[in-house]
Each structure stands twice: as C-alpha cells, then as structure tokens.
Protein chains: 2
Amino acid sequence: MLAAAQQLGFRRNGLARDFRTGARSTSVAFIMGDVSNPFYARIARGAERRLRDEGLQLVSASSDEDPARERALIDDMIERRVSALLIVSSVHDHRFLEPERRLGTPVVFLDRPPDHIVADSVVIGNAAGMGQAVAHLLKAGHRRIGLVGDLRRLSTHRERVEGFAAAMRSGGIADWERYVRADSHDIPAAEAAVTDLLASPEPPTALITTNNRITTGALRALRSRPHPPALIGFDEFELAELLGVSVISHDPERMGEIGADLVIGRLAGSDEPPRSIVLPTRLVVRDSSERRHGLGATKADGDET
Amino acid sequence: MLAAAQQLGFRRNGLARDFRTGARSTSVAFIMGDVSNPFYARIARGAERRLRDEGLQLVSASSDEDPARERALIDDMIERRVSALLIVSSVHDHRFLEPERRLGTPVVFLDRPPDHIVADSVVIGNAAGMGQAVAHLLKAGHRRIGLVGDLRRLSTHRERVEGFAAAMRSGGIADWERYVRADSHDIPAAEAAVTDLLASPEPPTALITTNNRITTGALRALRSRPHPPALIGFDEFELAELLGVSVISHDPERMGEIGADLVIGRLAGSDEPPRSIVLPTRLVVRDSSERRHGLGATKADGDET
DNA sequence: TTGAAAGCGCTAACAG
DNA sequence: CTGTTAGCGCTTTCAA
C-alpha cells in the first residue's frame, strides 16, 4: 500500500515529522566565510560525510567574514531549528549564543575559538605551526623574515603572528615586526603586500604567508623575480607539491569530521564539559623554503647571487 | 514584548511555519559530486548568493558521482520538502523525477542535461569549447592530439569527446580515437593516463584534459618531462595563469546564479516551457598550448628538439 | 481592528 | 496488537 501510494506521487512529509518530533530539524548548519574557499569546502566535506551517517544534513552558508551577516545567518538557522551549529566565526563576542546553548543547541566552533563563552571547539595548532616554520628558516640562516597575514581581527591571524613573534624572539630577533603585514584578505591584496615588502631597502630573505589565498597572491608577486625570497605558506593546496611550495600542512577534512563527531555526541546527550581539540600541523619542506638568495654564504650551500 | 520574549530565549519556530505554509521548506537542495571540488563549490557559491536574497537556503549534499547515492539524496530532500532541486546529476534516466515536477517542485539540471524528461538546465557549451581548443592546436601544426577524460558515463565527457572528434575530423584526422583515454576520475588516474599516453611509440604532441582535476594530474605527469607536449585544460583554476596553463574557461558561479534564478522564477509561478541555457566557453591561451616539441619545423617557430 | 479557532501531517500516547 | 486521538507552533480564516 505504501508502495502504491508512492507511485501516485505520495511522499511522507519530513517537515511535519521534524516539526512534530521535538521541534528540531535534521539539519546541521555550517557557517563560514566562503564555500568556494577550498579550506572551508574541505571542512564541509568532512563534516558532511560524518553527519550523513546519522541522517543529518549539512546546510552551508557563507558570511563573507562579515560579523553582521554571520549573526543574521545564525539567527536564521536557529529559527529554522537546526539541530546544531558548526561555525567558523568572525564575530568577537559569542555571548549571544549562550541562551541557545542552554536551550540545548550544540554549538561547535571550528578553526577559531569561542570568545566570552565556553563551548566545544576544533582548532589548529597555529602558534606551534608557525614556530616550526620560523625555526626552519632561522636555522637556514634567515634573519629578515616577512609575514603576510589575513584580517587582523581574526583570532587565527593573531595566533599565527604570536607564534611567529615568539619564535623570532627566541631566535634573538627583536625587530620581528618590521616585515609583518596584515589585512591581506584576498589574492590581489596579498600580491600587493608581498610586492611592497620586497621593495624595502633591506627586503626580507624569507616570507611566511598565513593562508592558502595569501600564498597564491605571494606566488603571483614572486613569479617574475629573479631571486625570490624563501617561502613557506600556511595550508596545504593541491598544486603545492607540483610548484615546490613548502607549507605548514594540516587536515581540514579532519576538522570537519571531528566537529561533526562533537555535534553527534552532544545530540546523543553527552554533557561532559566542552572540549577544545587542537589539530596538529606538519611542516612540509619543498623547494620554496630552501632558497637562500641574499643570505650570504653561511653554510656549505651557496646558490645565492 | 517580542523583544522581551526574545531575551528570554524565545524564538519563533521556522519549522512550524514552513510546515504550515504550504508544506514546503525554505531550503533549496544542491546535489553534486563533491563539495570540495572547486568547480562545484563555485556553483554553490553563485547559487547561494542569489538564493539568499529570496530568503532561501542552499543545502548541499555530495553524491560522489554514485547514481544510487544521488537517488537516495534526492528522495531524502524531497521528503524534507525542499522548495527546489539543483542537480549535477550522474544518473542516466531522470524519469523518476517527473512526479515531483508535476507536483510542483522545480528541478534545475546544472552542468549535465536531464535525460528522458524535459526540465530546465544550465550547461556549458562543451562541444564548442573543445572545438576551439582542437582548432587552436591543429592550427599550430599538431596532428597527434591526445584527450584524457572523466568517467565515460558522464554526458559532459561524451559531449567533450564528440566536440573533440568533430574538430579532429574536420581537420582531416580520421584516427582521432587513437589517443583518447577515459575514466580518469581522480588525479592519480589522470596522471597515470597521461604517462601511459606519452609512453606510446608515437606519442601525442598535444594533450587536452577535460576537467580541472585531470589537468592537475596531467601537470604532475608532465612535470619532469624535458619536452612536454602542448596542453589545454578544460576549466579555469586559480593557479592556471601562474603556471601558464592554457584553458577552456567558463564561469561556474554564473551557472549557479542562473540555476538559482530559474528556480526563483519557477517558485514565483513561471510556467513557461523549460529552458536550456548554454554557457559560453572562452579559450584562454597561455604558454602550455604553445609548445611545439616533436612537431618538426612547420612554421617560423622552431623550438622543438 | 483585535481575538479566537481551525487545521497543516505527522508521532506518541492511549483505548479497544 | 491494531486503531483512534490529541496536539506540536504556526498562519489563515472567520467572528466579535
């Protein structure tokens, strides 16, 4: 009979079901800067994979890193009674989410930790990752190391800069701020920042870019330079190996998976204290970090100008 | 008073509202192969942007190009009463969607046309794009042109091969099939196919890859070759310019936008006959297509071995 | 203009 | 074990 009804175009109404059953939908919201940024897309992929097995759907929405838009999206999602929220937040203060958390909506922060509230989070070991990169460059003899970063209001940016600063200081470099540039949120801005940095009277001999888009911008800026500085980029990207770009690598899909697992656990009733999971990074050394132009022959190596 | 209630954690129930109002949610489903593939991610971005202004949300789900999974996802979405479906389908026969369409759920096919039913679609001018690429290579004197393609059951693959074949034949090349390889769905498979093709006794002097991932695989395979063949890839990608890779370019975000517009129009009650929109391609010539190794000095140019 | 009531399609609780 | 009923929170209709 059910089959017959199906033939006639009958479909059970999942909306009515979700509504009836606890006034909660089977969707989980994923709010981030931009779906078309591969970093977010890979997080989405990981989360989707895990959620699917639980009969949950991922609803993605892009905030363009605009705090007001993010809040509007969150409100909207909450009204739509999503089961849980996965957020890569660009908001500075998350206290407005506290009532929802109390009312039982799991909220998991991805990539950037919650601010002014306690909640589950999955982040990257930013400072440690930067530390590894800086240590590698210092060891190769670099002293003038530049950093090109994203919007300075993003916590990830600040953590990466702090990791950079700590490693530089412990390498005996006090004026580490000299070659630090921030607020390069898109590829052209990053390209311009790198070009600007290299136009200094004493340009940096090495560069660290703090995310995949900035790395792309840097690559463009360096393309036609005869003696490009060493380069290490944060985030792995598909053509990094091909291009010989050294990176601080980590696993965005895993972040999505773990975020989804936390959500699933909470939905199943877990009320253990919020966890803050830190994902490891790994320095992948390829050609770009091994350039030594402008260094003077410190070691056996001597391929500089 | 509403504000006061809000303070207390009250939120209107969007689920109840959607349910009451016509038993249709404010979500639009987007079903494609894999969110983390930039091609799909960019379509999602374009669609999301348009839908947002109408108060609609995009719910993305990845089918992994598995027809059974795609059907399951579609059924699930329909049960959840999404307002409309945007599908990059890997199913061969879409008649099962006919009842839904009759019942008023707009269905828009993206990238790949509907099969056995009539419905709105937004596709790329595949054959024409390939034609341009082949013509360009033929004009440069290439005769042995290889093609590395995706799963042969995908209509886009077939159309691209047909465009290739037509252009080759009209260039007087009858044995165009000699260097055609299909079913390279991931990067390693594409890399292997290219390596294999170049191991022929009379290897092709030019290669066309039929999507971004295959192009990446080809780039890996060609990386260490002293005299790589000319290369043109289907799909633009972020580092194509930097790498000097010539491409058959088109605009996935636009595809998403137009798909969303069609959905919005149908939802507003438009009952004009289904439209099939074909998006143009543009051959972007960069260095990779200009290599002439193995050609013999046909023209003024003579940089071959 | 404001307020009460019906009912969307389900599920859970209850009666037969 | 099968069949009936109440009611989730909203919008829409109809009465006051």
Side-chain angles (χ1 to χ4, degrees), chain A residues 1-29 51-57 59 61 72-85 96-107 263-264 266-269, chain B residues 1-29 51-57 59 61 72-85 96-107 263-264 266-269:
Chain A
M1 203 184 77
L2 263 168
Q6 207 121 353
Q7 220 84 37
L8 285 159
F10 173 83
R11 299 281 198 159
R12 74 192 306 178
N13 188 334
L15 225 50
R17 179 164 59 125
D18 286 354
F19 166 53
R20 175 64 237 255
T21 329
R24 197 125 245 155
S25 81
T26 50
S27 311
V28 169
L51 292 173
R52 170 214 300 172
D53 299 335
E54 307 292 316
L56 293 167
Q57 289 177 326
V59 181
L73 286 170
I74 291 173
D75 282 348
D76 195 52
M77 295 294 188
I78 288 170
E79 281 201 356
R80 284 176 158 106
R81 293 296 191 274
V82 290
S83 297
L85 291 165
F96 70 98
L97 276 168
E98 197 48 45
E100 311 309 332
R101 272 186 26 90
R102 275 187 207 293
L103 258 56
T105 308
V107 179
V263 158
I264 291 163
R266 294 288 171 199
L267 252 19
Chain B
M1 201 185 76
L2 262 169
Q6 207 122 354
Q7 219 83 37
L8 287 159
F10 174 83
R11 301 279 197 160
R12 75 190 307 178
N13 189 333
L15 225 49
R17 181 164 58 126
D18 285 355
F19 165 53
R20 175 62 236 249
T21 328
R24 197 126 242 154
S25 82
T26 50
S27 312
V28 170
L51 257 17
R52 170 215 300 171
D53 299 336
E54 307 292 316
L56 294 167
Q57 290 178 325
V59 181
L73 286 171
I74 290 173
D75 282 347
D76 196 52
M77 295 295 187
I78 288 171
E79 280 202 355
R80 284 175 158 107
R81 293 297 191 273
V82 290
S83 297
L85 292 164
F96 70 98
L97 277 168
E98 198 48 43
E100 312 308 333
R101 275 186 23 90
R102 275 187 207 293
L103 257 56
T105 308
V107 179
V263 158
I264 291 163
R266 294 289 172 199
L267 252 18

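The figures that follow rest on heavy atoms only: side chains count, while hydrogens, waters and symmetry mates do not. These figures come from a predicted structure and were not determined experimentally. Chain letters run A, B, ... following the sequence lines, proteins first and then strands; every chain starts at 1.
Taking all atoms of both residues into account, the shortest heavy-atom contact from F96(A) to I74(A) is CZ-CD1, 4.0 Å. What you find for V107(B) and R101(B) is that their closest heavy atoms are CG2-CG, 3.7 Å. Heavy-atom minimum distance, S83(A) versus V28(A): CB-CG2, 4.4 Å.
Separating the CG atom of L15(B) from the P atom of dC8(C) is a distance of 18 Å, rounded to the nearest angstrom. One interatomic measurement links the two molecules: CG of D18(A) to P of dA12(C), which rounds to 12 Å at whole-angstrom precision. Regarding R17(B), its CZ atom lies at a distance of 14 Å from the C1' atom of dT12(D), rounded to whole Å. Rounded to whole Å, the distance from CZ on R24(A) to C1' on dT11(C) is 18 Å. L103(B) has its CG atom 12 Å from the P atom of dG9(C), to the nearest Å. Between F19(A) atom CZ and dG9(C) atom P there is a gap of 13 Å when expressed in whole angstrom units.
Contact between the side-chain N/O atoms of R20(A) and the OP1/OP2 oxygens of dA6(D) is not found at any separation under 4.0 Å. Between R12(B) and dT11(D) there is a side-chain polar atom (N or O) within less than 4.0 angstrom of OP1 or OP2.
At a cut-off of 3.5 Å, with distance as the only test, no side-chain donor of R80(A) or S27(A) sits close to an acceptor on the other residue.
Using a 4.5 Å cut-off on side-chain heavy atoms (C-beta onward), D75(B) and R11(A) make contact.
Remark: the backbone N or O of R81(A) is paired with a side-chain donor or acceptor of S25(A) at under 3.5 angstrom.
Taking a pair as Watson-Crick or G-U with both hydrogen-bonding distances under 3.5 Å, the stems of three or more pairs touching DNA chain C are C:3-14 with D:3-14.
Each of dG9(C), dA12(C), dG9(D) was ranked by its minimum atom distance to the side chain of N13(B); first place goes to dG9(D).
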